[in-house]
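Working notes for the structure below.
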Amino acid sequence: MAGIRQDYITRMIEQLAAALAAILGAATGKKPEDALALVHEASLTLFGMEYRMLITVDAGSVAELLVHPAKIQALAKLVIAEADVLRRQGDTEGVAHRLGHALGLLLETERRRATPDPETEALLRDVRGQLAS
């Protein structure tokens with residue numbers, strides 16, 4: 001059973017990496033609408049849930065829905081990617097909201113892990129730094 005779960009997580013991480021690359025490509029190609037659409041598509045593909053629902057509910061409740069720390073962290077990365085698109089559009093309020101949500105998700109990820117995770121810690125530092133500036 002653990003092998004199946006690990007295969008699922010590995011596949012999800014690969015899909016997330018592809019989605020993040022596509023989002024970044026659209027954002028840097030001056031196609032923010034396409035990038036935002038890709039964020040929503042990735043949410044459906046990765047989590048089987050509408051993105052809007054995952055970002056309007058508090059981080060603790062979303063973490064309860066997603067359960068596994070890797071899935072919670074994957075959503076945080078997706079939210080951070082959306083924040084980057086919004087930053088490129090000059091939407092400072094949207095950026096602050098998304099980064100705040102990503103911070104909450106990362107804290108939930110950290111809380112649910114048995115041992116510290118360097119990637120989560122690095123993401124937390126980065127998001128906190130962006131929120132402070």
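Keep in mind that this is a model prediction, so the values were computed, not measured. Numbers here simply count residues along the sequence, with the first being 1.
Between Asp7 and Arg11 there is no salt bridge, since no side-chain nitrogen of the basic residue lies less than 4.0 Å from a carboxylate oxygen of the acidic one. Taking the charged nitrogens against the carboxylate oxygens, Glu108 and Arg111 do have a contact shorter than 4.0 Å, which makes a salt bridge. For Arg113 and Glu119, the salt-bridge test fails: no basic side-chain N is under 4.0 Å from an acidic carboxylate O.
The CD1 atom of Ile55 sits 9.0 Å away from atom CG of Leu75, with the distance rounded to the nearest 0.5 Å. Taken to the nearest 0.5 Å, the CD atom of Gln130 stands 7.0 Å off from the CD1 atom of Ile80. For the atom pair Leu105 CG and Thr120 OG1, the distance stands at 11.5 Å (nearest 0.5 Å).
Across Ala81 and Ile23, no two heavy atoms sit closer than the pair CB-CG2, 4.2 Å. For the residue pair Gly104 and Ala59, the shortest heavy atom distance occurs at C-CB, 3.5 Å. Closest approach of Ile9 and Ala70 over heavy atoms only: CG2-CB, 3.8 Å. The nearest pair of heavy atoms linking Ala63 to Ile72 is CB-CD1, 3.6 Å. Contact record, Thr109 with Pro69: CG2-O, 3.6 Å, taken as the closest heavy-atom pair. The two atoms that bring Leu78 and Phe47 nearest to each other are CD2-CE1, 4.2 Å, heavy atoms only.
No side-chain heavy atom of Arg112 sits less than 4.5 Å from a side-chain heavy atom of His68. Two residues are said to be in side-chain contact when any heavy atoms from C-beta on lie closer than 4.5 Å; Thr92 and Arg87 fail this criterion. For the pair Leu99 and Arg128, the minimum side-chain heavy-atom distance is 4.5 Å or more.
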Side chain to side chain contact (heavy atoms under 4.5 Å, CB included) between Glu110 and Leu106, intermediate numbers included: CA-CA 6 Å; Glu110 189 175 63; Leu106 291 168; over 6 Å; no
From CA spacing to verdict: side chain to side chain contact (heavy atoms under 4.5 Å, CB included), Leu36, Gln89: CA-CA 11 Å; Leu36 294 174; Gln89 291 182 302; 4.0 Å; yes
Test side chain to side chain contact (heavy atoms under 4.5 Å, CB included) applied to Arg88 and Thr28, step by step: CA-CA 9 Å; Arg88 293 168 191 269; Thr28 58; 3.6 Å; yes
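Neither side chain, Ser43 nor Glu50, offers a donor N or O lying under 3.5 Å from an acceptor on the other.
The cluster map of Ile, Leu, Val, Met, Phe, Trp and Tyr, joined by side-chain heavy atoms under 4.5 Å apart, puts Val57 and Leu46 in the same cluster. There is no path of hydrophobic side-chain contacts, each under 4.5 Å, that joins Ile13 to Leu44. Residues Leu123 and Leu24 are members of separate hydrophobic clusters, defined by side-chain heavy-atom contacts under 4.5 angstrom among Ile, Leu, Val, Met, Phe, Trp and Tyr.
In terms of modelled atom types and a separation under 3.5 Å, the side chain of Thr45 and the main chain of Glu41 share a donor-acceptor contact.
For the side-chain contact (heavy atoms from CB on, under 4.5 Å) test, residues two or more places apart in sequence or in another chain that qualify with Asp34 are Ala26, Lys31.
The one candidate from His101, Arg98, Lys77 that meets the side-chain hydrogen bond (donor to acceptor under 3.5 Å, both in side chains) condition with Glu82 is Arg98.
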